[in-house]
S.K.: 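Below you'll find the structure I mean.
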Amino acid sequence: MNNKKIFSLKLYKDALKQLRLFSLITLAFLTIISIMIPIAHYISAKDTLEQNSKVVENIAKTAVNVLESNIFYILLPLVIAPILTIMLFKFLTNRNSSDIYHSIPHTRLCIIVSYIASLITIVFLMITTSTIITAISYSLLSKYVLFSFSHLIAFSINIFITCFLVISVTALACSITGTLFANVSFTAILLFLPRFFIFAFVEITTAALPNAADTTLPLLDQRFNHIFNIIDIVNESSNGLLLKMSFSTIYTTIIGIIFMVLATICFKKRKSETAGNFTNSKRLQIFSTLSLGMAISIFPLAMIFDSWVTRNAGTNDYYYYSSSGASDIFSIITLYLFAIIAMFVYELISSKKIMQAIKSLIYVPVLFVLNVIFIILISFSFNNMLNYTPEVSDLDYARVSICTPTNYYYSELDYFESKVSNIEIKDSRILELLCESNKEFVTSYTDYLNGGDLKYNIYSTYDVFLSDIDWEDEYSLIPEGAKTSFTVTFKDG
């Protein structure tokens, strides 16, 4: 065995051969879609322009949104990449196959490097082929449609990088588990749960504070992870970061490399007898079970925190109405019971032993301890944010936040909102008004939470005009130097 060899062309070709049928079928599907969508846009744009030309002369071409026209690309990281990876590493779920692969004259490092290289090659060819066909199609049909090829290239690169992240995470999941169910479970846990908990923490905290913006620390911001930007396309709330090379591209690449290194280490240390077992460690099985329970517990936990924060809110208000809260208590108990049942069923499926599933219920107290810790952290964050009243000297600038509690991302922004949200307001008078308003709100809201009335201030409106701004934006053709205005509302006095 050559311990210095980290890549085998033979293993690389063997992996490509194993995935050949699925890859060719997928590539054919992507090719057909890459041709049909531009044709559909061409026909639609032609009909629209011919109908409107009877009323309006000199009508421009119809602009095609890259995200909407290439939405099928999201299948690559969300579906195709994990399926390819699990198919290639399926030998790890069978003891006999696992023993054979671990006995061949190649190091484990050589095996995983060769296999990952084949996966990256397949995904690269799929994306490149689809991108080239899409570009050629829109070029030939450019008479009626306007398409951004630079955005298509950036979008394709970001999709490829996201696929690399998914392949890395899935490879890690396959390296530490021994069944198909475990492969899928750990891939989902590693890929989505960390961000889900961060999102829940931010949402629960800021939902209780009307003056708080839905923002997180830069490195913890979900928009920096392209897998969540891709999910936003499904939710029709994309922020456009997939259409350009940004910090999100670098961040996703770094996370992918980290997971790939971890996958390589775990694959090298993996024991052959892990095949057929849920995981190679009892701790990992406990971790996955508690992760599922904790994910479901977030919902009753949010209800508990909201009830606790607002327990005395407005009790002295003339219009205050107090309900028994019986429905909330019932919902909380039901959700926690559902979490416990889900943990039991998950353990039963993973272990296939009824007694082990029953024994897993001893971790229910641990679940509630984790809930208590989580709610303590939220309470600590809430109190700090509520009592934070910065002075003008503490501020560098202010920005207009388009986000709302029901719209976490910069979703469905028009051109104007997109530009305004990036403007840094440094005028000292505006900053002073903001600080004063925030202090008054904190005082009023604290009094409200302690039983007082919530005071509603009277506001007046001013028009602010902007000019000499770089108006270049992927969603608009407004000329440079265009002027516009927006309305800013300040408290009287």
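In this text, all values refer to a predicted model and were calculated from it rather than measured experimentally.
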S.K.: Quick one: does I25's side chain get under 4.5 Å of F22's, heavy atoms only?
M.R.: no
S.K.: Please name the pair of heavy atoms, one in S139 and one in S142, separated by the smallest distance, quoted to 0.1 Å.
M.R.: O-OG, 3.1 Å
S.K.: For residues 158-185, pull every pair meeting ring-ring contact (aromatic ring centres under 6.0 Å, His included), keeping only residues two or more places apart or in separate chains.
M.R.: F124-F160, F181-Y346
S.K.: Look at the side chain of T289 and the backbone N and O of E347, then say whether any donor-acceptor pair between them is shorter than 3.5 Å.
M.R.: no
S.K.: Would you confirm whether S185, through its side chain, and A182, through its main-chain N or O, come within 3.5 Å as a donor-acceptor pair?
M.R.: no
S.K.: Taking atom CD1 of I33 and atom CD1 of I133, what is their separation to the nearest 0.5 Å?
M.R.: 11.5 Å
S.K.: Please check if the number of heavy atoms outside K282 that lie under 6.0 Å from its NZ is greater than 12.
M.R.: yes
S.K.: Scan the side chains in residues 253-263 for donor-acceptor partners under 3.5 Å anywhere in the protein, sequence neighbours excluded, and list what turns up.
M.R.:
from	atom 1	to	atom 2	distance (Å)
T253	OG1	T249	O	2.7

S.K.: For T129 and M126, indicate whether the former's side chain and the latter's backbone hold a donor-acceptor pair under 3.5 Å.
M.R.: no
S.K.: Just by distance, do the side chain of N158 and the backbone of K244 share a donor-acceptor pair under 3.5 Å?
M.R.: yes
S.K.: Could you walk me through whether Q18 and Y115 pass the side-chain contact (heavy atoms from CB on, under 4.5 Å) test, one step at a time?
M.R.: CA-CA 11 Å; Q18 290 184 51; Y115 275 20; 3.4 Å; yes
S.K.: Could you please spell out the steps behind the side-chain contact (heavy atoms from CB on, under 4.5 Å) verdict for F147 and T134?
M.R.: CA-CA 10 Å; F147 190 79; T134 299; 4.2 Å; yes
S.K.: What distance separates I127 CD1 from I159 CD1, expressed to the nearest 0.5 Å?
M.R.: 6.5 Å
S.K.: Would you name the heavy atoms of Q285 and S350 that are closest together and state the gap between them?
M.R.: NE2-OG, 3.3 Å
S.K.: Among all residues two or more places apart in sequence or in another chain, which pass the side chain to side chain donor-acceptor pair (under 3.5 Å) test with S156?
M.R.: T131
S.K.: Verify, without hydrogens or angle tests, whether S44 (side chain) and A40 (backbone) share a donor-acceptor contact under 3.5 angstrom.
M.R.: no
S.K.: Where the side chain of S291 meets the backbone of F287, is there a donor-acceptor pair that is under 3.5 Å apart?
M.R.: yes
S.K.: Using the rule given for side-chain contact (heavy atoms from CB on, under 4.5 Å), can you reason through T170 versus F89, listing the C-alpha separation, both sets of side-chain angles and the distance that settles it, and then say yes or no?
M.R.: CA-CA 9 Å; T170 309; F89 286 95; over 6 Å; no
S.K.: Assert yes or no for the condition that the ring centre distance of F305 to F382 is strictly below 6.0 Å.
M.R.: yes
S.K.: Is any side-chain heavy atom of H41 closer than 4.5 Å to one of L141?
M.R.: no
S.K.: Find out whether F192 and I227 are in side-chain contact, i.e. whether some heavy atom of one side chain is under 4.5 Å from a heavy atom of the other.
M.R.: yes
S.K.: What distance do I230 atom CD1 and H226 atom NE2 have between them, rounded to the nearest 0.5 Å?
M.R.: 8.0 Å
S.K.: Return yes if some donor-acceptor pair links the side-chain N/O of T274 with the main-chain N/O of K271 below 3.5 Å, else return no.
M.R.: yes
S.K.: Would you please name every residue forming a side chain to side chain donor-acceptor pair (under 3.5 Å) with Y12, sequence neighbours left out?
M.R.: T121
S.K.: Going by atom types only, do S148 and S150 share a side-chain donor-acceptor pair under 3.5 Å?
M.R.: yes
S.K.: Quick one: closest heavy-atom pair of V113 and F7, and the distance?
M.R.: CG1-CD1, 4.3 Å
S.K.: For residues L243 and H151, report the shortest heavy-atom separation together with the two atoms involved.
M.R.: O-CD2, 3.4 Å
S.K.: For residues 74-87, tabulate all N or O donor-acceptor pairs below 3.5 Å that involve a side-chain atom, not counting sequence neighbours.
M.R.:
from	atom 1	to	atom 2	distance (Å)
T85	OG1	A81	O	2.8

S.K.: Within a reach of under 6.0 Å around CE of M245, are more than 12 heavy atoms found that belong to other residues, nucleotides or ligands?
M.R.: yes
S.K.: Quick check: closest heavy atoms across Y73 and S130, and the distance to 0.1 Å?
M.R.: OH-C, 3.3 Å
S.K.: If you compare all heavy atoms of C174 against all heavy atoms of R270, which two are closest, and at what distance to 0.1 Å?
M.R.: O-NH1, 3.1 Å
S.K.: At what distance, to the nearest 0.5 angstrom, does OH of Y138 lie from CG of L146?
M.R.: 11.0 Å
S.K.: Just verifying a value: how many Å separate I112 CD1 and L11 CG, rounded to the nearest 0.5 Å?
M.R.: 12.5 Å
S.K.: Let me confirm one number: the OG1-CG distance from T162 to N229, rounded to the nearest 0.5 Å.
M.R.: 8.0 Å
S.K.: K90: what forms a salt bridge (charged side-chain N to carboxylate O under 4.0 Å, His left out) with it, not counting sequence neighbours?
M.R.: none
S.K.: Pair T264, L109 - check side-chain contact (heavy atoms from CB on, under 4.5 Å), show working.
M.R.: CA-CA 7 Å; T264 303; L109 177 61; 3.4 Å; yes
